[in-house]
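Atoms within a ligand are numbered from 1 in the order they appear, just like the ligands themselves.
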Amino acid sequence: MRSLQSEIERRGRQIFELVDNHPESPFSKAGFYQRLMTLSMRDEQLKLQLFRFVDVLPSLGSSGEIVEHLQEYFADSNGSQKISKLLGAGIRLARIVPWISGPALRWNVSEMARQFIAGRNPNDVMRTLRKRRAQKIGFTVDLLGEAVVSETETDEYAARYLDLLESLAHETKEWTDPLGKNSERFPVVNLSVKISALYSQINPADSADAIAHLAPKLRPLLRRARELGAFINFDMESYAHKNTTLELFKTIFTEEEFRDWPHAGIVIQAYLRDSEADLRNLIEWGRARGTRFAVRLVKGAYWDYETSKSRQNGWDCPVYLQKPASDANFETLTRLLLENESIVTAAFGSHNVRSIAHAQAFAEALGIHRSRFEFQLLYGMAGPIKRALVEMGYRVREYCPVGELLPGMSYLVRRLLENTSNEGFLRAKFSENVPVEDLLRDPCEILRRNRNGVPPPSNATINMTTTTPKTDLGAPYENAPLTNFALPENQEKMRAALREQRKQFGRKVPLTINGEKIWTDKIFSSVNPSEPDQIVGYAAEAGIPEAERAVAAARAAFEKWRRTSFEQRCQLVERVAEILDRRRFELSALEVFEVGKPWAQADGDIAEAIDFCTFYARQMRRMGRPRLTQNVPGEASYQHYWPRGVALVIAPWNFPLAILCGMVSAALVTGNTVIMKPSEQSVIIGAMLMEIYEEAGVPPGVLNFLNGKGSVIGAHMVAHKDVDLIAFTGSREVGLWIWETAGKTREGQRELKRVICEMGGKNAMIVDSDADLDEAIVDSIYSAFGFQGQKCSALSRLIVLEENYNRVIERLLGAAASVRVGNPEEPSVVVGPVIDEAAYRRILDYLEVGKSEATLAYQAKDVPPHGYFIPPTIFTGVTPDMRIAREEIFGPVLSVIKVRDLDEAIDVANGTDYALTGGFFSRSPANIERIKAQLEAGNVYINRPCTGAIVGRHPFGGFKMSGGGTKAGGEDYLLNFLIPRVVTENVARHGLAPEKTPEYRDEFLWPKK
Ligand SMILES: Cc1cc2nc3c(=O)[nH]c(=O)nc-3n(C[C@H](O)[C@H](O)[C@H](O)COP(=O)(O)OP(=O)(O)OC[C@H]3O[C@@H](n4cnc5c(N)ncnc54)[C@H](O)[C@@H]3O)c2cc1C
């Protein structure tokens, strides 16, 4: 091993010497780019702003707009001074002469992009490829494009790939292999394809669906490539697509037609922890297939994305967190590839001289000739290293992206990030002049050294794995992770749970009052909205007598429960969280059947229920202990809280577990006793929650479960003198009735009733003229049609500035047409059925209203004939006064409203009775600030969907006719369930006062044991 290290060092030094023989920038163009890099590497904040500005620039229409954005991004004097250096002119000057500075800036940025983009189109790129040919450098060409949001766009993409292939093959007919040896393995024409460009609806939970759509698009391309003697490589993208890409590769190249074709390759990303297992599996597959294939080994281009995505979702991070770990794994996989050289051709995609020298040294040790593998490097980067490798007699191929500036922006920003990363090799070598011996150090040795006390890089401290509820109040609150359905084991668990739940169809659930199971002579059924003749379960129905018994039981249990310590109550709801977590797949599967939730949405509902339990327990621990109001000598004055009494919880079916569990756990943890009434449409899930509370040990009478008609038992209990608190989430009509009814004081009533009332919305999203449409379209479709538009937060009015209107509509309609509608038992379905026949009929009526008022721009055609399926529908030409722009529809119906400018957009967005959620897509910092200040909504979302609030992170609830201003999942939510009280004691005796009064007192509200 020692000798391998010295051989690596020898080769590394040789590469560096060759590099130094021809001093030139590691990047093909200097000037503006170099200045940008230098500034970015010195100042993280400025780097962020610079890259954001570069990202928006190509989409800006006029010089005036460019200069406006420039000012907004670099308004503070610090930024403005630095940016003047970059521009060669002050921002003030730019403002005075925008027609000079705007185009100059755009020119500079296009030139910078051109550094990384080899040509605008197939013709253009040939110039570059010819130059490289003269330098003995081969090519693989990649097509840049906007993120595809529809199947029309993927078809266009597939056609462009085919065109590119034809044109490359035609232009390079006479070209030969630069090394002239083993050339049969390395066709001249080499095309890199990305699967996300070929199917817009890839769902990580459903590789089979993705493969079924991708294979037909790929086959013509592969067939033609084979005829033309070209090579096709599958690039690797984010982790969510990894398994699908691998499966697709193996599936298609095992097919009879392609089984004996050796010119196919795939990428393995060494920064992934499971990359070794994947590579071993591929090699095994390759051997069974019996034909050579290729692997491009890289570290991976999405490190920042993967780490932040997994943190957001609470997932185990799929990538290594220490750079040397990725480097070391790259070397492990290099060895694996070279050891299996008889079946797999290796391409090493790296600019890191240590990684390259290691591959060379190991190949040499195994006696593998240098013409039997290749090095691949990116266009515009590490030119001197490419030259050095050619001089050493190695095979070098350049990865050449082709495309226009606008679609190429995300690629450009990835390159900028990589080149300014603290961890990057090119930065270390060419900007920081790190000594050669450090650059060539064995990454395993660095890891060992790190473990022995030298701290790991700062970004290695991220803690991403935990599912257990945290009781440590000092630690930051952690949400329950969502299930990662990209992992096959989770897909299998969900499928098994669905099978199991099917077996349970027809189960019967009783009422629970005072711990007793009660059957009545009335029973009603809850059906599967996808197939209404399937009965998910039957539930006993309560009438007024049962409602009376439940109120009496809750009232009787209250005295003891209120005196149970808050710690015990917290532990109860935390046990509930644990059980929910354990039974997670079972509950998700039940939601798929009972309310028609797609997989991920059902899972999100369970995660949210868990969060409510753990979050409220944590809040109660903060609030439970009496707190000193002021530190005054001689007086101890403590504020603390008492529960209100008997709480009636009336919940909806659309978040059948989360909202029910959230309101119940808030009421219980604060010491109230509860009668919970789930929606009739989701009663089986409600009964499951009762069962879970009982398993967790809730005492009899403290939680009672009543199922029945809202208009009968709900109305009776709202008006009941012994009900002190009503927590309601549902329609405006019922909410307003409760608000009014509860306001009346009845004979014998002890408390003024408190109403926590959350109702609907008519939520708007504004699309600004500089919005990133790749994101705006996808997020609007998700917000409007996810769970069939049946979330109170769902998008129902898309407000588009006229400057952007045509482009938005074109892409929006295409995207809507690509969304999958069907039975949500299938994991890739996005739009399932609406909840029941009444909703179905009501929404159909609204569709007629829409047709009479506005223009029907899109309506899905293929929806299942049975079940309550409403086709996703988009109306354009909508004006704010129309009914479809004012009334809550609660279905997959989107109204698009065109406006002149942002002023009008804000007026329209705010011109509604509701104020629940609102959204804005823009890259103008000034406009974003305006929206933050002016949009009337309880939850304002910028550049993201307007649904999907997370407990603790996005306390949820609206005002105006959307609700009473409470925030579920927020710090102050529990106050609604409590009565504040203050106890003041004079603790001085004859002027003698204790020196210090404790800030918190142990509870004096509960008898000590
Ligand atoms: C020809 C070619 C094709 C490529 N194709 C793809 C592709 O299809 N898919 C893809 O994802 N990538 C691809 N890449 C890789 C990617 O784009 C980067 O260029 C590459 O990861 C940089 O690695 P390096 O060895 O050149 O540089 P180095 O500076 O040695 O490594 C930088 C890399 O280390 C990793 N890293 C950075 N910080 C950390 C950390 N804290 N902990 C752990 N790891 C860290 C990241 O992967 C980062 O990109 C390709 C690269 C080339 C050259």
Side-chain angles (χ1 to χ4, degrees), residues 26 116 118 137-142 190 192-197 233-242 245 249 265-273 275 294-308 317-331 333-334 346-359 374-382 385-386 389 396-401 410-432 434 439-441 443 446-447 450 456-462:
F116 300 105
I137 295 176
F139 66 84
T140 177
V141 175
D142 154 59
N190 185 316
S192 287
V193 297
K194 290 192 169 50
I195 66 159
S196 68
N233 194 78
F234 288 15
D235 280 1
M236 198 59 86
E237 302 170 69
S238 64
Y239 187 66
H241 291 345
K242 187 213 55 171
T245 313
F249 183 80
I266 189 164
V267 171
I268 288 284
Q269 296 157 314
Y271 67 5
L272 293 182
R273 294 168 197 270
S275 51
V295 165
R296 179 199 299 151
L297 180 63
V298 304
K299 282 167 202 158
Y302 306 86
W303 191 88
D304 297 270
Y305 171 81
E306 300 296 0
T307 45
S308 57
C317 189
V319 297
Y320 290 109
L321 297 178
Q322 295 188 46
K323 166 73 165 55
S326 295
D327 292 338
N329 193 42
F330 189 92
E331 297 191 1
L333 303 187
T334 296
F348 301 104
S350 174
H351 308 119
N352 183 321
V353 173
R354 158 79 205 190
S355 306
I356 292 171
H358 169 267
E374 66 184 3
F375 291 104
Q376 296 190 355
L377 295 92
L378 299 178
Y379 174 80
M381 285 169 63
I385 298 178
K386 288 173 202 156
L389 291 171
V396 178
R397 190 179 297 276
E398 193 170 61
Y399 183 97
C400 298
S410 62
Y411 179 79
L412 173 65
V413 170
R414 272 210 304 279
R415 293 285 78 78
L416 295 178
L417 273 174
E418 185 173 312
N419 293 337
T420 50
S421 152
N422 289 331
E423 308 281 350
F425 178 87
L426 290 180
R427 174 172 174 175
K429 160 73 183 135
F430 294 100
S431 300
E432 319 229 307
V434 171
L439 294 173
L440 294 178
R441 192 149 284 155
I446 303 174
L447 283 174
N450 284 350
S458 56
N459 49 19
T461 54
I462 306 163

Report, in ascending order of atom number, the atoms of ligand 1 lying under 4.0 Å from any heavy atom of [X].
X      : result
Gln376 : 1 (C), 53 (C)
Ser350 : 24 (P), 25 (O), 26 (O), 53 (C)
Phe425 : 28 (P), 29 (O), 30 (O)
Tyr302 : 11 (O)
His351 : 24 (P), 25 (O), 26 (O), 53 (C)
Ser326 : 43 (C), 44 (N), 45 (C)
Tyr399 : 1 (C), 3 (C)
Gly424 : 29 (O)

Filtering Glu418, Lys323, Arg427 for the heavy atom nearest atom 36 (N) of ligand 1 leaves Lys323
Is it the case that ligand 1 has an N or O less than 3.5 angstrom from some N or O of [X]?
X      : result
Arg415 : yes
Val298 : no
Leu426 : no
Ala301 : yes
Tyr271 : no

Residues Val141 and Phe139: closest non-hydrogen pair is CG2-CD1, 3.6 Å
To the nearest 0.5 Å, how far apart are [atom1] in [X] and [atom2] in [Y]?
X      : Y      : atom1 : atom2 : value
His358 : Ser350 : NE2   : OG    : 12.0 Å
Cys317 : Leu272 : SG    : CG    : 9.5 Å
Arg296 : Asn190 : CZ    : CG    : 7.5 Å
Glu418 : Asp304 : CD    : CG    : 10.0 Å

Could you tell me if Lys299 sits above the aromatic ring of Phe330, with its cationic atom closer than 6.0 Å to the ring centre and no more than 45 degrees from the axis?
yes
TODO: Test the Arg415-Tyr411 pair against the cation-pi criterion, namely NZ or CZ under 6.0 angstrom from the six-membered ring centroid and within 45° of the ring axis.
DONE: yes
Would [X] count as a contact of ligand 1 if the rule is a heavy atom under 4.0 Å away?
X      : result
Leu321 : yes
Gly300 : yes
Lys242 : no

Contacts of Val295 meeting side chain to side chain contact (heavy atoms under 4.5 Å, CB included) (sequence neighbours excluded), chain-then-number -> Ile266, Ile268, Leu279, Leu282, Phe293, Leu337, Val344
Any donor-acceptor pair under 3.5 Å linking the side chain of Lys386 with the backbone of Met381? yes
### Query
salt bridge (Lys or Arg N to Asp or Glu O under 4.0 Å) between Lys194 and Asp142: does it pass, once the steps are laid out?
CA-CA 8 Å; Lys194 290 192 169 50; Asp142 154 59; 3.2 Å; yes
Within the 4.0 Å heavy-atom cut-off, what Gln322 brings close to ligand 1 is backbone
Contact region, Arg296 to ligand 1, non-hydrogen atoms below 4.0 Å, reads side chain
- request: Would you sort out whether Ser275 and Asn329 count as a side-chain hydrogen bond (donor to acceptor under 3.5 Å, both in side chains), showing the intermediate values?
  value: CA-CA 9 Å; Ser275 51; Asn329 193 42; 2.9 Å; yes
Sorted by chain and number, sequence neighbours left out, ring-ring contact (aromatic ring centres under 6.0 Å, His included) with Phe234 holds for Phe249, Phe253
